Structures are given as C-alpha cells and as structure tokens.
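Contents: one structure, followed by commentary.
Bear in mind that the values here come from a model prediction, so they are computed numbers and not experimental data.
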Amino acid sequence: MNRKHKKRTFPAVPVAFCCLVILSIIITLFMMPFFNIKEIRVTGNESLTEDRIKSYLTFSEGDNIFLFNKSKCKNTILDNHYVQSVNINRILPSTVEITVSEYKLRGYVPYSGSYLFIDGDGRVLDVQKETTKSLPVVEGLKFNNVTVGEILQVDNPSAFETMVRLSKLFEKYELLSDVIRVDVTDISDIHLYTGNVDISFGSFDDANRKLLMLIEVLKTFDTSVPGTINLTADKATYKYML
C-alpha cells in the first residue's frame, strides 16, 4: 500500500520582516570601526593651506565615513572666497578625498592702508594689511566700494580691463614675480616697475611683443641698479641712472 507523505509547512515569514533584518545587518556592518575615517586628503589647494581647508569640515578623523553630509560640507568650504569649486569623495573603507579648485591670486590693489588680493579676472579674494607673494601691485584704479568675493567695480573700467589683460600676459610669460608694480593711471602711458627700474610700456597695443622684448632685456639688465627701460619703440632701449 502506497502511503502519501504529507508536506510539512512552515509559517510564512513576512517580507517586511526580512527586509528589516537585512537592513539591520547592513547598518550594523556600516557602523563598524572598519568604516571610521582614518585619512583626510586635500588636493588642488595653492593659496589655502591644508589645515585651513580642514577647518571648514563638518567631520573629522574617527567619524563614520557614511554619516557626514557631503553637500553641507561642500557649501561650508565654498564660503571661503578663494574656493571656486570643491569635490568630496568617500574612498572606502576609511579615506575621504577633498579636491578644491581655487581662484588664482594674481596681484594686489592698494586700499585704505591695506591690499585687495585679486585674481586674474579682478575678483577680490581677500583684504590684508600685507602682501603674501611676489606679485604685482596695481596702481591707478579708481573705486569706492569693495565686496570680497566679487569682481572689483571701478570708475575707470578701461584701466581695469587693461590690468586684467596684463595680469594674464604676466602669467603667460612667467613675469608675475618680476613685475612688482603696475601703474595704469594713464592707459596710454602704462608704467611697470621691477627692482629699481622704471619700464615705459606705453599703451596695451602690441603687448605680447613688448613683453618678449622685456624678457630679453631682463636677462642682462641689473634691476638692482636704478634705471629705465623703454618698450614703446620697435626696439627696446635701456640705461642705468648713474
């Protein structure tokens, strides 16, 4: 006689309960010390120090890598006017990488006994009593109001535009640390100063050729001795003021 075996049945486990158990396990794993932050890397910074950028962070080493708010942290770093953009990446299990892109400091503008720190577009990055790098000091701009983080609003926009264009050429020809002062009071008679030397630049016309001539002259001209260089003609002329 054949016997029919009855199938054993088990109580159905609710799907919601299974999901809850799985979620609990995942959360428990993610909260393990294995995922605590052990290293914070900062890259792309130039003017700002690594410690300065880290001071804006909403987390620190030892915190769980999953628990900090990336958007909030990015916005905090962007409050610094040097920072153009920032990207934050979690590198599992325990590293956070912060990549910043800065506005580049390209010169200074005298202002009420201090200096405006400006980038290549004329944006005011900071106001300090002293300069920090060997970069040109720009004279001849006329303005009343200053807003840090914004483009400097001037009463003589032609002079401002000339300053911006010169700054970019100084960077192109690696002259940012050589030219210590620029006077754009009269944009038809611009003067540059390096060491003890007064350089007659004339207008911005043919600026590339003039700067190439200047580079050649500076290879042999002793700028520690008072002198003049004239770049307004087809050929540069120079002399010491003895």
Side-chain angles (χ1 to χ4, degrees), residues 19 22-109 111 114-136 138 145-153 160-161 163-177:
C19 291
I22 294 172
L23 182 61
S24 298
I25 294 172
I26 292 173
I27 291 175
T28 301
L29 289 173
F30 283 177
M31 294 300 293
M32 294 177 62
F34 181 68
F35 291 108
N36 287 351
I37 299 170
K38 296 182 177 63
E39 182 182 7
I40 301 174
R41 299 176 190 164
V42 178
T43 62
N45 57 307
E46 292 184 20
S47 295
L48 298 175
T49 65
E50 182 175 323
D51 288 341
R52 180 73 178 276
I53 293 171
K54 286 182 177 180
S55 71
Y56 294 108
L57 301 182
T58 57
F59 61 89
S60 58
E61 292 184 12
D63 293 347
N64 186 277
I65 198 169
F66 298 107
L67 295 185
F68 70 88
N69 187 313
K70 284 175 63 173
S71 295
K72 182 179 179 181
C73 191
K74 286 175 65 174
N75 289 335
T76 303
I77 297 172
L78 286 168
D79 283 341
N80 187 288
H81 298 296
Y82 278 96
V83 180
Q84 183 175 16
S85 64
V86 59
N87 190 41
I88 300 176
N89 288 317
R90 295 180 174 97
I91 303 175
L92 299 181
S94 58
T95 299
V96 178
E97 185 173 73
I98 301 164
T99 305
V100 299
S101 175
E102 296 181 2
Y103 293 110
K104 311 300 182 184
L105 177 61
R106 289 294 176 257
Y108 309 99
V109 175
Y111 173 67
S114 298
Y115 293 94
L116 306 180
F117 288 40
I118 58 174
D119 75 349
D121 295 317
R123 180 178 289 99
V124 181
L125 304 179
D126 203 354
V127 183
Q128 297 288 341
K129 287 290 185 181
E130 303 290 340
T131 61
T132 57
K133 296 181 178 180
S134 297
L135 295 171
V138 182
N145 299 318
V146 173
T147 303
V148 178
E150 301 292 336
I151 300 292
L152 185 64
Q153 301 300 311
F160 181 79
E161 180 184 354
M163 177 274 294
V164 170
R165 294 167 72 188
L166 278 172
S167 174
K168 292 179 179 179
L169 287 181
F170 291 158
E171 180 181 8
K172 175 182 177 181
Y173 293 115
E174 299 181 348
L175 288 168
L176 283 168
S177 60

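Rounded to the nearest 0.5 Å, atoms OH (Tyr108) and CD1 (Ile118) are 10.0 Å apart. For the atom pair Phe34 CZ and Ile65 CD1, the distance stands at 10.0 Å (nearest 0.5 Å). Rounded to the nearest 0.5 angstrom, Ile40 CD1 and Lys54 NZ are separated by 5.5 Å. Note that the CG atom of Asn145 and the CD atom of Gln153 stand 9.5 Å from one another [nearest 0.5 Å]. To the nearest 0.5 angstrom, Thr95 atom OG1 is 4.5 Å from Glu39 atom CD. With values rounded to the nearest 0.5 angstrom, Lys74 atom NZ is found 11.0 Å from Asn69 atom CG.
In Asp79, the CG atom is crowded: over 12 heavy atoms of neighbouring residues, nucleotides or ligands sit closer than 6.0 Å. Remark: Phe59 CZ is packed, more than 12 non-hydrogen atoms of other residues, nucleotides or ligands lying under 6.0 Å away.
In this structure, Val124 and Thr147 have side chains that are not in contact, with every pair of non-hydrogen atoms separated by 4.5 Å or more. Side-chain contact between Leu135 and Phe170 is absent, with no heavy-atom pair separated by less than 4.5 Å. Residues Glu150 and Val148 are not in side-chain contact: their nearest non-hydrogen atoms beyond the backbone lie 4.5 Å or more apart. Inter-residue side-chain proximity for Val100 and Asn80 is flagged as unmet; no heavy-atom pair is nearer than 4.5 Å. In this structure, the side chains of Phe66 and Leu92 come closer than 4.5 Å at one or more pairs of heavy atoms. Arg52 is not listed as a side-chain neighbour of Asn45, based on a closest heavy-atom distance of 4.5 Å or more. Side-chain contact between Asp63 and Asn36 is absent, with no heavy atoms from C-beta onward closer than 4.5 Å. Between Ser60 and Ile37 the shortest side-chain heavy-atom distance does not fall below 4.5 Å.
Looking at Glu46, its side chain never comes within 3.5 Å of a backbone N or O of Glu102 through a donor-acceptor pair. Checked by atom type and distance alone, the side chain of Thr76 pairs as donor or acceptor with a backbone atom of Lys72 at under 3.5 Å. With Tyr103 contributing its side chain and Gly149 its backbone, the two residues share no donor-acceptor pair below 3.5 Å. A donor-acceptor pair under 3.5 Å is absent between the side-chain atoms of Tyr82 and the main chain of Leu105, judged by distance alone.
The ring pair (Phe, Tyr, Trp, His ring centres under 6.0 Å) search around Tyr56 returns none, not counting sequence neighbours.
With a 6.0 Å cutoff to the six-membered ring centre and a 45° limit on the axis angle, Arg90 does not count as a cation-pi contact of Phe35.
Pairs of residues two or more places apart, or lying in two chains, that qualify as side chain to side chain donor-acceptor pair (under 3.5 Å) and include a residue from residues 116-131 are Asp119-Arg123, Asp121-Lys168, Asp126-Gln128.
The two residues Pro33 and Lys38 make their nearest non-hydrogen contact at O-NZ, 3.8 Å. Of all heavy-atom pairs between Thr58 and Cys73, the closest is OG1-CB, 3.7 Å. Heavy atoms only, all atoms of each residue included: Gly120 and Ser167 are closest at CA-OG, 4.1 Å.
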**Report entry** Stepwise side chain to side chain contact (heavy atoms under 4.5 Å, CB included) check, Ile98 with Leu57
**Finding:** CA-CA 10 Å; Ile98 301 164; Leu57 301 182; 3.4 Å; yes

